[in-house]
A.B. asks: 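Attaching a single structure in structure tokens format; questions to follow.
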Amino acid sequence: MAEVIWGLATSHVPSIGAAMDHGKTADPYWRPLFDGYGPAREWMAEHTPDVAVVVYNDHANAVDMSVTPTFAIGTAASYQVADEGWGSRPVPEVVGVPEFSDHLVESLIDSSFDLTVYQELDVDHGLTVPLSVYCPDPGDRWPCAVVPLLVNVIQYPQPTAARCLALGYALGEAIRSFPEDLKVAVFGTGGMSHQLAGARAGLINQDFDRMYLDAIEHAPEKLAALTREEYIREAGSEGIELIMWLIMRGALGPRIRRVHETYHVPASNTAAGMVLFENLSPGSS
């Protein structure tokens, strides 16, 4: 049977990818951020999954804003890296795993999550930057296959945090019901606090971020009880991306171990956080 072996929550700031792509990670501005990733990267390199389910949002690069699925999943054999206006990132294409993706679709729909299904999909920085946080030097191929799981965090009304946590629980059950032996990692991406436009542009709320980094382990239900208005007030209009971390947390079992955490301000105009959990109860929900 498949099992969830670890979960990673990480910001997906596009400039983090650009810093890696252009050899800037040792620059004084960026070095503290990338030094903070080091211990987690070392641990993840020793615990390579077969598949990563990456929970992210498209930034109107590959998904037309005329249609905004609340939740969507990719079932393709491969995913090209999106051109976001300045060329695609120089990273490998993303390899899919259609049989496993199809299983997740059926299981999640049976659990009353009516997903939009993408049989063709380009993936933007929301997915590729977390893969680079995990594996900075993939060479010609990422170390694992990927299932993209998309969440609308851009267009109102976004799904509630409670619904995201419930999706995480259902995702964990779906993964564990797959009959083949697969080691699966789940990524929850986005955040932390930031706002890109409007009167509060540049907002960063370190107190809220640090509360979130603690509660995502110990009290995810507390985070799930927050309304979308509370997320936007405390973390900014783009900080609502943090609801995607709850899908990762829900997919893990009740017993987890915090492997590493790092928090850095600023990465561009965003608070960048990362926390890595080992799942100590991979066979239970």
Side-chain angles (χ1 to χ4, degrees), residues 1-14 16-23 25 33-56 73-82 88-101 103-104 121-150 171-172 175-176 178 180-190 244-245 247-248 251-252 256-262 272 274-279 282:
M1 306 293 284
E3 62 178 10
V4 181
I5 59 171
W6 50 261
L8 177 71
T10 182
S11 302
H12 60 217
V13 184
I16 293 174
M20 286 185 270
D21 297 343
H22 295 96
T25 60
L33 172 73
F34 288 99
D35 284 351
Y37 290 157
R41 284 173 162 174
E42 291 175 8
W43 189 92
M44 290 186 288
E46 296 174 354
H47 300 80
T48 303
D50 301 305
V51 179
V53 178
V54 181
V55 183
Y56 79 106
I73 193 169
T75 61
S78 63
Y79 306 92
Q80 296 299 311
V81 178
S88 301
R89 289 191 62 212
V91 295
E93 74 170 8
V94 175
V95 174
V97 53
E99 182 179 359
F100 181 61
S101 297
H103 168 80
L104 296 182
L121 178 69
D122 291 349
V123 291
D124 73 358
H125 70 267
L127 184 141
T128 65
V129 168
L131 287 181
S132 293
V133 170
Y134 158 47
C135 178
D137 299 304
D140 296 330
R141 186 181 179 92
W142 295 108
C144 62
V146 171
V147 178
L149 181 57
L150 296 86
L171 175 63
I175 292 169
R176 288 183 284 270
F178 187 67
E180 297 181 16
D181 291 333
L182 287 180
K183 294 181 292 184
V184 180
V186 180
F187 290 45
T189 78
M244 296 187 287
W245 289 28
I247 300 175
M248 175 279 297
L252 300 179
I256 61 175
R257 180 179 72 88
R258 184 179 297 244
V259 176
H260 183 65
E261 170 192 321
T262 188
M274 186 265 280
V275 61
L276 173 64
F277 298 114
E278 180 182 13
N279 192 16

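When a residue number appears, it is its place in the shown sequence, counting from 1. None of the values given here were measured: they were computed from a predicted structure.
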A.B. asks: Could you report the tightest heavy-atom contact between Ala272 and Leu33, atom names first, then the distance?
C.D. replies: CB-CD1, 3.9 Å

A.B. asks: With a 4.5 Å cut-off on side-chain heavy atoms, are Glu42 and His260 touching?
C.D. replies: no

A.B. asks: How long is the span from the CG atom in Leu149 to the OG1 atom in Thr189, to the nearest 0.5 Å?
C.D. replies: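 Answer for the CG-OG1 pair, Leu149 versus Thr189, is 10.0 Å.
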
A.B. asks: Would you say Thr10's side chain and Pro130's backbone share a donor-acceptor pair under 3.5 angstrom?
C.D. replies: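 Side chain of Thr10 to backbone of Pro130, a donor-acceptor pair under 3.5 Å: no, none is there.
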
A.B. asks: How many angstroms lie between CE in Met274 and CZ in Arg41, if you round to the nearest 0.5 Å?
C.D. replies: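 So the gap between those two atoms works out to 7.5 Å.
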
A.B. asks: Angle class for the Trp6/Phe187 ring planes (parallel below 30°, perpendicular above 60°, tilted otherwise)?
C.D. replies: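 It falls in the tilted class, 30° to 60°.
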
A.B. asks: Could you pull out the closest heavy-atom pair between Pro14 and Val129, with the gap in Å?
C.D. replies: CA-CG2, 4.3 Å

A.B. asks: Take Asp122 and Tyr79 through the test side chain to side chain contact (heavy atoms under 4.5 Å, CB included) and record every step on the way to the result.
C.D. replies: CA-CA 5 Å; Asp122 291 349; Tyr79 306 92; over 6 Å; no

A.B. asks: Once side chain to side chain donor-acceptor pair (under 3.5 Å) is applied, what residue pairs with a partner in residues 127-141 remain, sequence neighbours excluded?
C.D. replies: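 Qualifying pairs: Arg89-Thr128, Arg89-Ser132.
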
A.B. asks: CD/Glu278 to CG/Leu252 distance, rounded to the nearest 0.5 angstrom?
C.D. replies: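 Going from the CD atom of Glu278 to the CG atom of Leu252 covers 10.5 Å.
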
A.B. asks: Taking the side chain as C-beta and beyond, is there a heavy-atom pair between Leu104 and Phe178 under 4.5 Å?
C.D. replies: no

A.B. asks: Answer whether the closest heavy-atom distance between the side chains of Ile73 and Val147 falls below 4.5 Å.
C.D. replies: yes

A.B. asks: Nearest 0.5 Å, please: how far is CD1 in Ile5 from CG in Asn279?
C.D. replies: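 Here the rounded value is 9.5 Å.
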
A.B. asks: Is there a side chain to side chain contact (heavy atoms under 4.5 Å, CB included) between Val54 and Val94 once you walk through the steps?
C.D. replies: CA-CA 11 Å; Val54 181; Val94 175; over 6 Å; no

A.B. asks: Just say parallel, tilted or perpendicular for the rings of His103 and Phe100, cut-offs at 30° and 60°.
C.D. replies: parallel

A.B. asks: So which heavy atom on Pro148 is nearest to which on Val146, and how close?
C.D. replies: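 Looking at all heavy atoms of both residues, the closest pair is CD-O, 3.8 Å.
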
A.B. asks: If you compare all heavy atoms of Ser101 against all heavy atoms of Gly74, which two are closest, and at what distance to 0.1 Å?
C.D. replies: OG-O, 3.3 Å

A.B. asks: For a quick test of reading the model, state the closest non-hydrogen atom pair linking Ala145 to Val97 and the distance between them.
C.D. replies: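 In terms of heavy atoms, the two residues are closest at CB-CB, 4.2 Å.
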
A.B. asks: If I take atom CG from residue Leu171 and atom CZ from residue Arg176, how far apart are they, to the nearest 0.5 angstrom?
C.D. replies: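 Here the interatomic distance stands at 8.5 Å.
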
A.B. asks: Heavy atoms, side chains only, cut-off 4.5 Å: are Ile175 and Val51 in contact?
C.D. replies: no

A.B. asks: Can you see which heavy atom on Pro92 is nearest to which on Trp142, and at what distance?
C.D. replies: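 Nearest pair, atom of Pro92 first, then Trp142: O-NE1, 3.0 Å.
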
A.B. asks: Could you measure the distance from the CD1 atom of Ile16 to the OH atom of Tyr37? Nearest 0.5 Å is fine.
C.D. replies: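 Going from the CD1 atom of Ile16 to the OH atom of Tyr37 covers 3.5 Å.
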
